[in-house]
Amino acid sequence: MSQQHSSPPATVTVFASPASWIESDAVAQCHQVAALDGMTHVAAMPDLHPGKGAPIGAAMASTVLYPFLVGSDIGCGIAVFPVKLKRAVPEKLAARFPDLDRALDPERDADDPAWAVLKGDVPAGHVEGLGTVGRGNHFVELARIGTILDAGHASRLGLDAGDLVLVVHSGSRGLGERILRAHTEVHGAGPAPDPAAYLAAHDDAVRWGSLNRRLLAARVAHALGFEPAEPIVDQCHNLVELRDGSYLHRKGAAPGDGRDVLIAGTRGTPSYLVAAHAGPDAGHSVAHGAGRKMSRSDALRRGRAKHTVEELRRTPVGSLVVCGDRQLLFEEAPTAYKRIEQVIADLVDHALATPIATTIPLVTYKTPENRGKRGRR
DNA sequence: ATGTCC
């Protein structure tokens, strides 16, 4: 690929210890991005892994806006909601999760109580797929607060050890995909010629993603019998923001400037709620999760030899995984991801974040049971 | 990641 450079290559900083496994392909992708016209800095998080064209787990600053650096799931993020339930028996609750592959239809489902979280209009008027979780690494998880690591901060968030929370990881479904495709069809991996126009569509997708997480939480709340509530945290890890006169693209990197972030572990290990305090070298960002250690195809191949479906559905922490798609179950096996403890340790060592508490999965919902990967409806 | 390529 030939490229005219009007600026020197950007700096690349990887925020990971030598003990952390970072795929060389992913670092190479960071340097490819750094060589793009206008790039000023690339900050790679400890959960860095190769993506399609651009690395996942990075904050990338540039004088020009590159839509492909955000990717198709614009607005994807993780929200945490408080849950008040008297008893939480995983087997019973797993059976009560609603079908989150089935979209909420404004007309057919007009009287669904989940709509109460909708204030105003649906962003971009995009009602397709509303209230659905999606696939890949997305999930809705009922979890218990495990270890409190910062008592003062946890208390300010209203959290005690043993409390229940709902963790929702989902994005903008077809809307973000449509926005990137509209750009790519004309400009490929080139910059947005009209950044304001892209940003207007992008901002709709970010709002849509956040609304979707609230709708998902409300659907689950009504099905499981607890009161829907405002999220304790809700951070989007695929977005671009105008900051200090340049475009800060985040792809699998959460805003880390004075905000609380849930950094997802895996479907079978704890996650970490952290107070993020990342500076400009880190692209004002922190990691968004454990990060893949294996490609999906490797995870499927190696997982089939290593795991039974039963041990992936009942995890080492005693949680249940609701996932009628066996292939997805293997692709998302905890062993396909890096150790979340190492990711968190790297953030702490680089003074990017301070852990507040862990969340321990009870029930992780991926996709309905008793349905093939090509489920109908 | 995705109403994606059957």
Side-chain angles (χ1 to χ4, degrees), chain A residues 26 29 33 45 47-58 60 66-79 99-106 108 122-140 168-185 188-189 198 201-202 204-206 208-210 212-213 216 235-240 249-254 264 266-267 287-292 294-300 323 325 327-332 336-337 365-368 371-377:
Chain A
Q29 282 186 335
V33 168
M45 297 294 123
D47 58 340
L48 186 79
H49 59 283
K52 205 176 174 178
I56 300 167
M60 300 158 278
Y66 290 99
F68 89 99
L69 293 183
V70 175
S72 62
D73 198 2
I74 306 160
C76 186
I78 299 181
D99 181 351
L100 301 177
D101 279 1
R102 179 182 169 281
L104 280 174
D105 187 286
R108 187 192 53 213
V122 174
H126 184 88
V127 295
E128 268 182 316
L130 207 47
T132 62
V133 62
R135 287 290 172 107
N137 58 359
H138 291 175
F139 62 85
V140 177
V168 179
H169 178 191
S170 189
S172 60
R173 311 290 285 111
L175 177 59
E177 196 275 338
R178 197 177 76 185
I179 293 165
L180 179 65
R181 183 156 33 82
H183 172 85
T184 307
E185 276 172 357
Y198 170 83
H202 159 284
D204 277 339
V206 170
W208 201 100
S210 183
N212 200 40
R213 292 186 284 279
L216 284 161
Q235 298 302 340
C236 166
H237 50 236
N238 292 347
L239 80 166
V240 58
H249 312 73
R250 291 189 177 93
K251 172 73 168 174
T266 70
R267 281 3 84 217
H288 79 312
R292 293 198 76 85
M294 285 175 219
S295 68
R296 289 189 175 276
S297 53
D298 281 354
L300 184 60
C323 184
D325 180 340
Q327 178 173 328
L328 184 61
L329 203 52
F330 285 114
E331 288 175 357
E332 290 290 306
Y337 284 85
Y365 178 100
K366 297 285 292 178
T367 192
R371 189 180 301 183
K373 62 174 176 169
R374 227 160 251 298
R376 295 177 292 125
R377 274 218 251 205

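Note on naming: letters A, B, ... go to the chains in the order of the sequence lines (proteins, then strands), and numbering restarts at 1 for each one. The structure displayed is predicted, hence computed values, not measured ones.
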Given atom NZ of A/K251 and atom C1' of B/dT2, what is their separation to the nearest angstrom? 11 Å
Whole angstroms only, please: what is the CG-P distance between A/N238 and B/dT2? 11 Å
Can you see if the side chain of A/R181 gets near the phosphate of B/dT2 - specifically, an N or O under 4.0 Å from OP1 or OP2? no
Rounded to whole angstrom units, what separation is found between the CZ atom of A/R102 and the P atom of B/dG3? 17 Å
Indicate, with a heavy-atom threshold strictly under 4.0 Å, whether A/G174 touches base, sugar-phosphate, or nothing. sugar-phosphate
Whole-Å gap separating P (B/dT4) and CD (A/Q327): 17 Å
Within the structure shown, what part of the strands sits under 4.0 Å from A/R178 by heavy-atom distance: base, sugar-phosphate, or nothing? nothing
Using only heavy-atom distances, determine whether the side chains of A/D73 and A/H138 contain a donor-acceptor pair under 3.5 Å. yes
Rounded distance in Å - NE2 (A/H138) to P (B/dG3): 11 Å
In whole angstroms, the gap separating P of B/dT4 from CG of A/D325 amounts to 17 Å
Measure from CG on A/D105 to P on B/dG3 and round the result to the nearest Å. 16 Å
Interatomic distance where CZ belongs to A/R296 and P belongs to B/dT2 [whole Å]: 10 Å
Give a yes/no answer on whether the side chain of A/R135 brings an N or O atom under 4.0 Å of OP1 or OP2 in B/dT2. no
Only counting residues at least two apart or in another chain, list the ones meeting salt bridge (charged side-chain N to carboxylate O under 4.0 Å, His left out) with A/K366. A/E332
Quick one: does any side-chain atom of A/S72 pair with a main-chain N or O of A/E177 as donor and acceptor, under 3.5 Å? no
Tell me every residue that passes side chain to side chain donor-acceptor pair (under 3.5 Å) with A/E331, counting only those two or more places apart in sequence or in another chain. A/R296, A/Q327
